[in-house]
Amino acid sequence: MWGLVVFGFGVTLIVEADLGLGPWDVLHQGLHELTGIPLGTVMILVGVLLLLLWIPLRQRLGLGTFLNALFIGLTVDVTLPLTPTPSPLLLRIGYLAAGILLVGIGSGYYIGSGLGPGPRDGLMIGLHERFGWSIRAARTAIELAALVSGWALGGSVGVGTVAFALAIGPLVQVFLPRLRLAPLAPSAT
């Protein structure tokens with residue numbers, strides 16, 4: 001749960017920086033602009049729709065899958081109105097950097113819990129396992145589809161989008177092994 005909240009607050013900081021969003025959040029923001037539905041709620045709805053795509057991909061849901069779909073969006077809906085919007089560019093850059101870092105840390109926690117992949121991660125894994133796509137190709141195709149769709153709907157693309165795309169993989173690679181939970185030992189009964 002901690003990882004999902006940290007991840008969600010990281011998204012809030014990136015949104016408030018107003019320098020461009022990560023690819024999925026460009027889509028979420030574009031849908032928010034189109035519908036007027038709160039950003040976090042859009043995130044939840046997109047997550048649920050992505051879970052429907054898991055059916056033909058034969059992906060297995062875990063508790064973490066549902067928690068991911070729900071709590072990141074809830075965190076954004078709660079923290080966005082409470083987080084001040086910075087005006088000076090230097091502070092906005094600080095928000096962006098802190099937000100990307102928090103998304104990386106949050107990813108390390110929630111993926112490291114081993115309770116199931118998030119909706120977007122499961123889609124990538126499903127394309128890899130079912131159709132033989134490489135993880136890199138599957139993730140790139142999914143991220144590009146979200147980015148282009150979101151941009152067409154009016155989502156915020158900018159230097160933050162590039163920074164997120166370049167930094168998130170290395171950050172998760174750094175934090176995941178450090179934050180991964182050890183598997184439970186079998187009980188001695």
Side-chain angles (χ1 to χ4, degrees), residues 2-34 38-40 42-44 46-47 50 68-69 71-112 117-121 123-124 134-180:
W2 175 247
L4 300 174
V5 171
V6 168
F7 189 112
F9 185 60
V11 170
T12 291
L13 290 177
I14 295 168
V15 170
E16 290 293 359
D18 195 26
L19 294 170
L21 305 171
W24 278 103
D25 295 321
V26 172
L27 175 62
H28 300 142
Q29 187 183 53
L31 291 169
H32 158 73
E33 295 293 330
L34 180 68
L39 182 63
V42 169
M43 295 170 78
I44 294 167
V46 168
L50 289 174
N68 178 297
F71 278 96
I72 292 174
L74 286 175
T75 300
V76 170
D77 277 348
V78 168
T79 61
L80 201 52
L82 300 174
T83 304
T85 303
S87 198
L89 180 59
L90 192 56
L91 191 51
R92 291 171 53 210
I93 292 169
Y95 266 42
L96 176 65
I100 293 170
L101 180 65
L102 289 176
V103 168
I105 292 169
S107 296
Y109 274 118
Y110 94 75
I111 295 168
R120 292 142 191 90
D121 302 319
L123 186 59
M124 169 192 66
S134 71
I135 292 290
R136 179 180 10 187
R139 189 58 180 227
T140 301
I142 292 166
E143 296 286 326
L144 285 175
L147 176 63
V148 170
S149 300
W151 180 68
L153 293 170
S156 177
V157 176
V159 67
T161 308
V162 174
F164 186 94
L166 293 175
I168 199 61
L171 285 171
V172 173
Q173 183 173 339
V174 166
F175 288 114
L176 181 58
R178 289 165 175 78
L179 301 174
R180 183 184 317 252

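Basis for what follows: all heavy atoms, side chains included, without hydrogens, waters or symmetry-related copies. All residue numbers refer to positions in the sequence shown, counting from 1.
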Measuring from Ile111:CD1 to Leu179:CG, what's the distance to the nearest 0.5 Å? 10.5 Å
Start with the C-alpha distance between Leu101 and Phe175, add both sets of side-chain angles, then the distance that settles side-chain contact (heavy atoms from CB on, under 4.5 Å), and finish with yes or no. CA-CA 10 Å; Leu101 180 65; Phe175 288 114; 3.8 Å; yes
Thr85: partners by side chain to side chain contact (heavy atoms under 4.5 Å, CB included), with sequence neighbours left out: Glu16
Step by step, work out the side-chain contact (heavy atoms from CB on, under 4.5 Å) result for Phe7 and Thr75. CA-CA 9 Å; Phe7 189 112; Thr75 300; over 6 Å; no
How long is the span from the CG atom in Leu50 to the CH2 atom in Trp24, to the nearest 0.5 Å? 4.5 Å
Is any side-chain heavy atom of Val11 less than 4.5 Å from a side-chain heavy atom of Met43? yes
Heavy-atom pair with the smallest gap, counting every atom of Ser107 and Val172: CB-CG2, 3.6 Å
Go through the steps for Val103 and Phe164 under the test side-chain contact (heavy atoms from CB on, under 4.5 Å), then give the verdict. CA-CA 9 Å; Val103 168; Phe164 186 94; 3.9 Å; yes
Do the non-hydrogen side-chain atoms of Val174 and Pro170 ever get within less than 4.5 Å of each other? no
Nearest atoms (heavy-atom pairs only) where Val76 meets Pro81: O-CD, 4.2 Å
Only residue of Asp121, Val5, Val6, Leu176 satisfying side-chain contact (heavy atoms from CB on, under 4.5 Å) with Tyr110 is Asp121
Looking at CD1 of Ile105 and CZ of Phe9, how far apart are the two atoms once the value is rounded to the nearest 0.5 Å? 12.0 Å
Walk me through it: do Asp25 and Val15 pass the test side-chain contact (heavy atoms from CB on, under 4.5 Å)? CA-CA 8 Å; Asp25 295 321; Val15 170; 5.6 Å; no
More than 12 heavy atoms of other groups within 6.0 Å of Leu90 CG: no
About how many Å separate CD1 of Ile93 and CG of Leu96, when rounded to the nearest 0.5 Å? 8.0 Å
Heavy-atom side-chain proximity of Val46 to Arg120 below 4.5 angstrom: yes
For a 4.5 angstrom cut-off between non-hydrogen side-chain atoms, does Leu123 reach Ile142? yes
I'd like to know if the side chain of Arg92 and the backbone of Asp18 have a donor-acceptor N/O pair within less than 3.5 Å. yes
Distance in Å, His32 NE2 paired with Leu80 CG, rounded so as to fall on 0.5 Å steps: 8.0 Å
Sequence neighbours excluded, the answer for side chain to side chain contact (heavy atoms under 4.5 Å, CB included) partners of Leu34 is Leu153
Euclidean distance, Ser149 OG relative to His28 NE2, rounded to 0.5 Å: 11.0 Å
Can you give me the closest heavy-atom contact between Pro84 and Tyr95, atom names plus distance? O-OH, 2.8 Å
Do you know which two heavy atoms are closest between Ala69 and Pro119, and how far apart they sit? CB-CG, 3.8 Å
Val26 and Trp151: which non-hydrogen atoms are nearest, and at how many Å? CG1-N, 3.4 Å
Please list, chain by chain and in numerical order, all residues satisfying side chain to side chain contact (heavy atoms under 4.5 Å, CB included) with Gln29, sequence neighbours excluded. Leu21, Glu33, Leu39, Ser156
